[in-house]
Student: 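Provided herewith is a single structure, encoded as structure tokens, for subsequent inquiry.
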Amino acid sequence: MPQTALITGITGQDGSYLAELLLAEGYVVHGLVRRNSNIVRSRLDHLTSDERIYNESLFLHYGDLDDTTTIRRLIMKAKPDEVYHLAGQSHVGASFEIPETTCEFTAMGTLRLLEILRDCDPLPKFAHASSSEIFGTPTSQPQNEDTPMRPMTPYGVAKAFATQMVRVYREKFDLFACNLICYNHESPRRGESFVTRKITRSAARIRAGKQHDLMLGNLDSQRDWGYAPDYVRGFRAALSHKEPKDFVLATGILHRVSDWLEISFGHLGLDWREHVKFDPRFARSVDPVSLVGDATTAQRDLGWKPQIGFEEMVKQMVEADCQREDN
Ligand code: NAP
């Protein structure tokens with residue numbers, strides 16, 4: 001019998017890569033999708049247009065994270081061996097605009113899912129996409145699985161709640177549940193509202209003559225940026241480990257926003273200084289401490305380590321955006 005997985009957030013950046021990975025390994029994959037007025041699911045098109053895959057080994061089901069009845073029914077019917085919980089409002093900046101929605105889906109949505117799983121027999125394994133934002137202003141650098149949570153954004157608070165609930169259900173109800181504490185990770189499938197993708201897309205559009213200026217906030221902000229397909233390998237590996245535990249997934253290396261500009265524009269023979277303008281609307285105060293992760297546990301227990309480096313990832317994203325602009 002093939003293994004069966006349920007992915008929440010399958011239409012997102014990570015969900016689409018994870019679906020590919022699991023399908024390639026022979027899994028039957030069920031995905032939870034929101035009902036939108038627009039049916040376009042661009043990150044899944046290559047899978048849903050393949051009749052050997054869609055409705056054969058990949059099945060999509062309507063459901064919102066606050067629709068407990070529908071999710072319960074889906075889980076009882078699909079009987080997944082593994083549940084990968086990736087859905088949620090994923091934008092840190094937007095969480096200040098819509099804190100209630102962020103907490104409703106990211107915090108309470110995770111709790112609702114755990115409550116459903118608790119009633120399953122047998123218990124599916126569970127992976128939760130946690131975030132480095134749970135550390136907020138950390139007391140130590142780099143952070144690992146034992147670093148105390150001190151979230152400073154509504155998104156971080158919601159993830160901290162969900163992360164701790166996963167720990168509670170693991171301890172109290174013997175659920176094989178893991179938090180994957182992910183630092184930023186990017187790819188050509190990254191949403192366009194994130195600064196990384198905004199830069200690579202703008203570089204491609206400027207090269208194509210469709211745009212001249214790029215409005216940005218602080219160029220000195222630093223992040224630990226990795227490559228999304230590397231991170232979904234970590235999710236998969238965590239559920240194959242002999243015991244359930246939490247894992248930090250990170251590169252351990254900081255880069256600046258200006259590094260994205262140098263590589264993206266430089267790759268296309270452009271000088272970013274001629275195009276980038278400061279816009280105070282996008283300026284956030286520079287974090288007192290830039291979060292950087294220590295993935296030693298994942299390296300030791302899962303054999304996990306990033307395979308694609310920063311520069312290669314940025315160039316890959318620029319190339320993909322150029323192709324989109326040329327089509
Ligand atoms: P993403 O591209 O924004 O995808 C989010 C997914 O969640 C989409 O499929 C979205 O569906 C779905 N979703 C949102 N609200 C939902 C709801 N109420 N009900 C059902 N589905 C809902 O995010 P990502 O980059 O793949 O990230 C995956 C997870 O990892 C997220 O939980 C994120 O917070 C976490 N994470 C990401 C990073 C990162 O750097 N990428 C770092 C740390 C943690 P629609 O397509 O309908 O919008």
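What you see below is based on every heavy atom in this structure, not just the backbone, and it leaves out hydrogens, waters and symmetry mates. First listed ligand is number 1; within each ligand, the first listed atom is number 1.
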Student: With a 4.5 Å cut-off on side-chain heavy atoms, are Tyr183 and Phe135 touching?
Tutor: yes
Student: Looking only at protein heavy atoms, which one is nearest to atom 37 (C) of ligand 1, and what is the separation?
Tutor: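 It is His185 CE1, 3.7 Å.
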Student: Within a distance under 4.0 Å of any heavy atom of Gly9, pick out the atoms of ligand 1 and give their elements.
Tutor: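 By the 4.0 Å cutoff, the relevant atoms are 6 (C), 7 (O), 9 (O), 12 (C).
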Student: Could you tell me whether Ser132 and ligand 1 have an N or O pair separated by under 3.5 Å?
Tutor: no
Student: Looking at Phe105, which atoms of ligand 1 are within less than 4.0 Å of one of its heavy atoms?
Tutor: 18 (N)
Student: Relative to the heavy atoms of Gly12, which atoms of ligand 1 are at a distance of less than 4.0 Å?
Tutor: 2 (O), 4 (O), 8 (C), 9 (O), 26 (O)
Student: Is it the case that one hydrophobic cluster holds both Leu6 and Leu65, taking links as side-chain heavy atoms less than 4.5 Å apart, direct or via other members?
Tutor: yes
Student: Which ligand 1 atoms, with their elements, are less than 4.0 angstrom from a heavy-atom of Asp64?
Tutor: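 So the answer, numbered in order with elements, is 17 (C), 18 (N), 19 (N).
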Student: Among side-chain atoms of Ser95 and Gln89, is any donor-acceptor pair under 3.5 angstrom?
Tutor: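 Per modelled atom types, Ser95 and Gln89 side chains form no pair under 3.5 Å.
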Student: Could Arg72 and Glu115 be called an ion pair, given the rule that one side-chain N must be under 4.0 Å from one carboxylate O?
Tutor: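 No.
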Student: Are the side chains of Phe265 and Leu214 in contact, using a 4.5 Å heavy-atom criterion?
Tutor: yes
Student: Hey, looking at atom 27 (O) of ligand 1, which of Ile181, Thr196, Ile71, Asp14 has the closest heavy atom?
Tutor: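 It is Asp14 that holds the nearest heavy atom.
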Student: Which residues pass the salt bridge (charged side-chain N to carboxylate O under 4.0 Å, His left out) test with Asp66, not counting sequence neighbours?
Tutor: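 Testing Asp66 for salt bridge (charged side-chain N to carboxylate O under 4.0 Å, His left out), a comparison that skips the adjacent residues, returns none.
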Student: Please find out if less than 6.0 Å separates the ring center of His91 from that of Phe194.
Tutor: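 Close enough - the centres of the two rings lie under 6.0 Å apart.
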Student: Does any N or O of ligand 1 fall below 3.5 Å from an N or O anywhere on Gly15, backbone included?
Tutor: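 Gly15 vs ligand 1: no N/O contact under 3.5 Å.
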Student: With heavy-atom distances below 4.0 Å as the criterion, list the atoms of ligand 1 near Ser90.
Tutor: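 Here the atoms of ligand 1 in question are 1 (P), 3 (O), 23 (O), 33 (C), 34 (O).
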Student: Would you call Gln211 and Arg201 a side-chain contact if the rule is heavy atoms closer than 4.5 Å?
Tutor: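 When only atoms from C-beta onward are counted, Arg201 and Gln211 do not touch, as no gap falls below 4.5 Å.
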Student: Do side-chain atoms of Lys198 reach the backbone of Met215 as a donor and acceptor pair under 3.5 angstrom?
Tutor: yes
Student: Report the part of Asn36 (side chain from C-beta onward, or backbone N, CA, C, O) that has a heavy atom under 4.0 Å from ligand 1; answer both or neither where that applies.
Tutor: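 The answer is the side chain.
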Student: I need the nearest protein heavy-atom contact for atom 47 (O) of ligand 1: residue, atom name and distance, please.
Tutor: Arg34 NE, 3.1 Å
Student: Are Val168 and Leu114 linked, directly or through other ILVMFWY residues, by side chains that come within less than 4.5 angstrom of each other?
Tutor: yes
Student: Under 4.0 angstrom from ligand 1, any heavy atom of Val33?
Tutor: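 For ligand 1, residue contact (heavy atoms, under 4.0 Å) with Val33 is absent.
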Student: Enumerate the atoms of ligand 1 whose separation from the nearest heavy atom of Asn184 is less than 4.0 angstrom.
Tutor: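 So the answer, numbered in order with elements, is 40 (O).
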Student: Which of the numbered atoms in ligand 1 are below 4.0 angstrom from a heavy atom of Ser131?
Tutor: 43 (C), 44 (C)
Student: Note the single closest protein heavy atom to atom 46 (O) of ligand 1, along with its residue, its atom name and the distance in Å.
Tutor: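 Residue, atom and distance for the closest contact: Thr11 OG1, 2.6 Å.
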Student: Hey, is ligand 1 close enough to Ser130 that some N/O pair sits below 3.5 Å?
Tutor: no
Student: Please confirm whether the backbone N or O of Thr137 pairs with a side-chain atom of Arg150, one donor and one acceptor, at under 3.5 Å?
Tutor: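 Side chain of Arg150 to backbone of Thr137, a donor-acceptor pair under 3.5 Å: yes, one is there.
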Student: Show the nearest heavy-atom pair for residues Leu47 and Ala19, with the distance to one decimal.
Tutor: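 Between these two residues, the closest heavy atoms are CD1-CB, 4.2 Å.
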Student: Taking salt bridge (charged side-chain N to carboxylate O under 4.0 Å, His left out) as the test, write out the residues that go with Asp224, two or more places apart.
Tutor: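 Here no residue qualifies.
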Student: Is the shortest distance from a heavy atom of Arg190 to ligand 1 less than 4.0 Å?
Tutor: yes
Student: Quick check on Lys159 - does any of its heavy atoms sit under 4.0 Å from an atom of ligand 1?
Tutor: yes
Student: Walk me through it: do Tyr227 and Gln316 pass the test side chain to side chain donor-acceptor pair (under 3.5 Å)?
Tutor: CA-CA 10 Å; Tyr227 182 57; Gln316 193 189 105; 2.7 Å; yes
Student: So which protein heavy atom does atom 19 (N) of ligand 1 come closest to, and at what separation?
Tutor: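 Sorting protein heavy atoms by distance from atom 19 (N) of ligand 1 puts Leu65 N, 3.1 Å first.
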Student: Of Val166, Leu180, Leu86, Asp246, which is the lone residue that meets side chain to side chain contact (heavy atoms under 4.5 Å, CB included) with His128?
Tutor: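 For His128, the side chain to side chain contact (heavy atoms under 4.5 Å, CB included) check succeeds only for Val166.
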Student: Considering non-hydrogen atoms of the protein only, which is the closest contact for atom 36 (N) of ligand 1, and what is the distance?
Tutor: Tyr155 OH, 3.6 Å
Student: Do any heavy atoms of Ala228 fall under 4.0 Å from ligand 1?
Tutor: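 False for this residue.
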Student: Considering only non-hydrogen protein atoms, determine which one is nearest to atom 28 (C) of ligand 1 and report residue, atom name and distance to 0.1 Å.
Tutor: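 That would be Leu86 O, 3.4 Å.
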Student: Would you say Phe194 contacts ligand 1, with heavy atoms under 4.0 Å as the rule?
Tutor: no
Student: For atom 13 (N) of ligand 1, what's the nearest protein heavy atom and its distance?
Tutor: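 The protein heavy atom lying closest is Gly88 N, 3.7 Å.
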Student: So which heavy atom in the protein is nearest atom 30 (O) of ligand 1, and how far is it from that ligand atom?
Tutor: Ala129 CB, 3.3 Å
